[in-house]
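Here the structure is laid out as structure tokens; the discussion comes afterwards.
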Amino acid sequence: MSSPVLDAERHTPQGNPPPKPSLVHRLAEHGIDRTLLLLVPGLLFVIVLFIYPFLYGLNLSLHPNKGGVFGAYQAFFTDPEMRGWDSLWITMKLALPAALINVIASIPLAYMMRRNFRGKRLLTTILVVPITLGTVLTAEGLLNFFGPRGWFNRFLGLFDIGPVQLVQNYWGVLWSLIISGFPFAFLLILSYMSGIDPSLEAAAKTLGADWKQRFRRIIMPLLAPGLATTFCLTFVLAFSVFPSAILVGDPSGSTRVVAYVAYNAWGQMFDYPLASASAIVMGVVEMLVIGVVLMLRSTMYKGSTGGKG
């Protein structure tokens, strides 16, 4: 049976080297072919909506009205009216607990939802409903329930307790972030949890491991990389909090977050370089936290979980 190599040797004059493959074939050997054109729409999307706005904002922040190239950044951290350090600390105090609570609360629920039981779809729908509410409707519900004249304080009033201040402060914003961020954390962790092969637990069970041992030694190590990714996404959502800080918080005091500082510089002070510098600082802090989490994630389990989720 003839082969392409033998046929090429028959048709090649003796003593002459075989013809070199074309440039298209050589590029294809390195993974460069026409299928790369499929990346063009996504690349344009990233450039137009992410890279260009970032570079424009960065350039704007380096051309302040006064103070030199880094005058806007210096004003953010040193100007008493800006309270840059305080706003960063307040934002971190809101974002980190909200992300941790959402991730931790989602783990047992996602673990339970792996099983088939009656009412599973209804329970999943109830847990995901807050996605449809939006920030404004969530804030309105918190004000009506936890406000000074809300149902919760009216109930406490029956026992001569209160009223308890649970909105228009730090706690109101934290509750809003938990309610709005929990569905995202739950759905992400549920997808990671569904990807873990149930046969791994079944094998451990046959070896005498109880559910606590299976959860600690099988589920959690396999789930840890997914938890890190989920934490990053929920942290970014919480760190960029703005409407909740105004609607159910105290933007001039305990909930003066970085997003509000940037908005104040843009909408009230009309200092666009200072507003851009505030946004850049917010993005840098987010990237630092995400970088630390992803660095820790690289030390975790990297293999396949063997599941179908």
Side-chain angles (χ1 to χ4, degrees), residues 90-117 119-147 150-152 164 166-196 215 219-220 222-249 254-255 257-260 282 285-286 289-290 292-294 296-297 309:
I90 290 172
T91 310
M92 291 292 289
K93 286 196 304 180
L94 285 168
L96 287 176
L100 286 173
I101 291 173
N102 284 330
V103 170
I104 294 174
S106 300
I107 294 174
L109 289 172
Y111 183 72
M112 181 186 67
M113 298 296 287
R114 294 178 66 205
R115 306 175 183 177
N116 292 323
F117 57 89
K120 178 179 178 179
R121 292 184 178 179
L122 177 61
L123 179 58
T124 303
T125 303
I126 294 174
L127 294 174
V128 178
V129 160
I131 291 180
T132 64
L133 298 180
T135 305
V136 176
L137 190 57
T138 301
E140 182 180 356
L142 287 173
L143 291 173
N144 290 331
F145 188 81
F146 289 118
W151 300 343
F152 183 75
V164 181
L166 295 176
V167 290
Q168 305 300 335
N169 54 14
Y170 169 86
W171 297 107
V173 181
L174 182 62
W175 283 118
S176 177
L177 293 177
I178 292 173
I179 293 172
S180 60
F182 173 79
F184 295 97
F186 169 71
L187 291 176
L188 285 171
I189 293 177
L190 180 62
S191 65
Y192 286 114
M193 190 82 74
S194 301
I196 298 177
F215 183 82
I219 298 298
M220 285 305 297
L222 296 177
L223 188 62
L227 295 180
T229 303
T230 304
F231 174 83
C232 290
L233 294 176
T234 52
F235 171 79
V236 170
L237 288 174
F239 196 85
S240 58
V241 56
F242 176 72
S244 299
I246 296 177
L247 296 174
V248 291
S254 60
T255 62
V257 294
V258 183
Y260 177 79
M282 183 169 62
V285 173
E286 288 178 334
V289 174
I290 293 174
V292 171
V293 175
L294 294 182
L296 295 175
R297 184 186 184 277

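No hydrogens, no waters, no symmetry mates; every other heavy atom, side chains included, goes into these values.
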message = Checking Phe184 now: which residues fulfil ring pair (Phe, Tyr, Trp, His ring centres under 6.0 Å) with it, not counting sequence neighbours?
response = none
message = Show the nearest heavy-atom pair for residues Glu286 and Val236, with the distance to one decimal.
response = OE2-O, 3.8 Å
message = Within this structure, what is the CD1-CZ distance for the pair Ile131 and Phe182, rounded to the nearest 0.5 Å?
response = 10.0 Å
ask   = Of all residues at least two apart in sequence or in a different chain, which pass the ring pair (Phe, Tyr, Trp, His ring centres under 6.0 Å) check with Tyr260?
value = none
task = Go through the structure and list residues passing side-chain contact (heavy atoms from CB on, under 4.5 Å) with Leu123, not counting sequence neighbours.
result = Met112, Met113, Phe117, Leu127
key: Least distance between heavy atoms, Val173 atom then Ala245 atom   = CG2-CA, 3.8 Å
query = Closest heavy-atom contact between Pro130 and Pro183?
reply = CB-CG, 3.6 Å
request  = Could you check if a side-chain atom of Asn169 sits within less than 4.5 angstrom of a side-chain atom of Thr255, using non-hydrogen atoms only?
outcome  = no
key: Any donor-acceptor N/O pair, Ser176 side chain to Gly172 backbone, under 3.5 Å   = no
ask   = Do Thr91 and Val285 come close enough that some side-chain heavy atom pair is under 4.5 Å?
value = no
N/O donor to acceptor pairs below 3.5 angstrom from side-chain atoms of residues 101-111, sequence neighbours left out:
unit_1, atom_1, unit_2, atom_2, d
Asn102, ND2, Ala98, O, 3.1
Ser106, OG, Asn102, O, 2.6
Ser106, OG, Phe186, N, 3.4
Tyr111, OH, Glu201, OE2, 3.0

query = Quick one: ring pair (Phe, Tyr, Trp, His ring centres under 6.0 Å) partners of Phe242, sequence neighbours excluded?
reply = Tyr263
key: Within-4.5 Å side-chain heavy-atom neighbours: Leu227 and Met220   = yes
inquiry  = My understanding is that only residues two or more places apart in sequence, or in another chain, count here; which of them pass side-chain contact (heavy atoms from CB on, under 4.5 Å) with Thr135?
reply    = Pro243, Ser244
task = Any chance you could measure Leu137, atom CG, to Leu247, atom CG, to the nearest 0.5 Å?
result = 11.0 Å
note = Nearest heavy-atom approach of Thr234 to Ala185 is CG2-CB, 3.7 Å
side-chain contact (heavy atoms from CB on, under 4.5 Å) against Lys93, all qualifying residues, sequence neighbours excluded = Trp89, Tyr170
Leu142 versus Val167, closest heavy-atom pair with distance = O-CG1, 3.8 Å
inquiry  = List the residues meeting side chain to side chain donor-acceptor pair (under 3.5 Å) with Thr229, not counting sequence neighbours, and say none if there are none.
reply    = Arg297
request  = Fit a plane to each ring of Phe235 and Phe231, take the angle between them on a 0 to 90° scale, and name the class: parallel (under 30°), tilted (30 to 60°) or perpendicular (over 60°).
outcome  = parallel
Distance (rounded to the nearest 0.5 Å) between Ile178 CD1 and Thr138 OG1 = 12.5 Å
Any residue meeting side-chain contact (heavy atoms from CB on, under 4.5 Å) with Asn144, in chain and number order, not counting sequence neighbours = Glu140
ask   = When you measure from the side chain of Gln168 to the backbone N and O of Ile246, does any donor-acceptor pair fall under 3.5 Å?
value = no
ask   = Would you find a donor on one side and an acceptor on the other, under 3.5 Å apart, between the side chain of Ser191 and the backbone of Leu188?
value = yes
message = Would you call the rings of Trp175 and Phe146 parallel, tilted or perpendicular, taking 30° and 60° as the class edges?
response = parallel
request  = Determine which pairs satisfy side-chain hydrogen bond (donor to acceptor under 3.5 Å, both in side chains) with at least one residue from residues 123-133, sequence neighbours left out, and list them in order.
outcome  = none
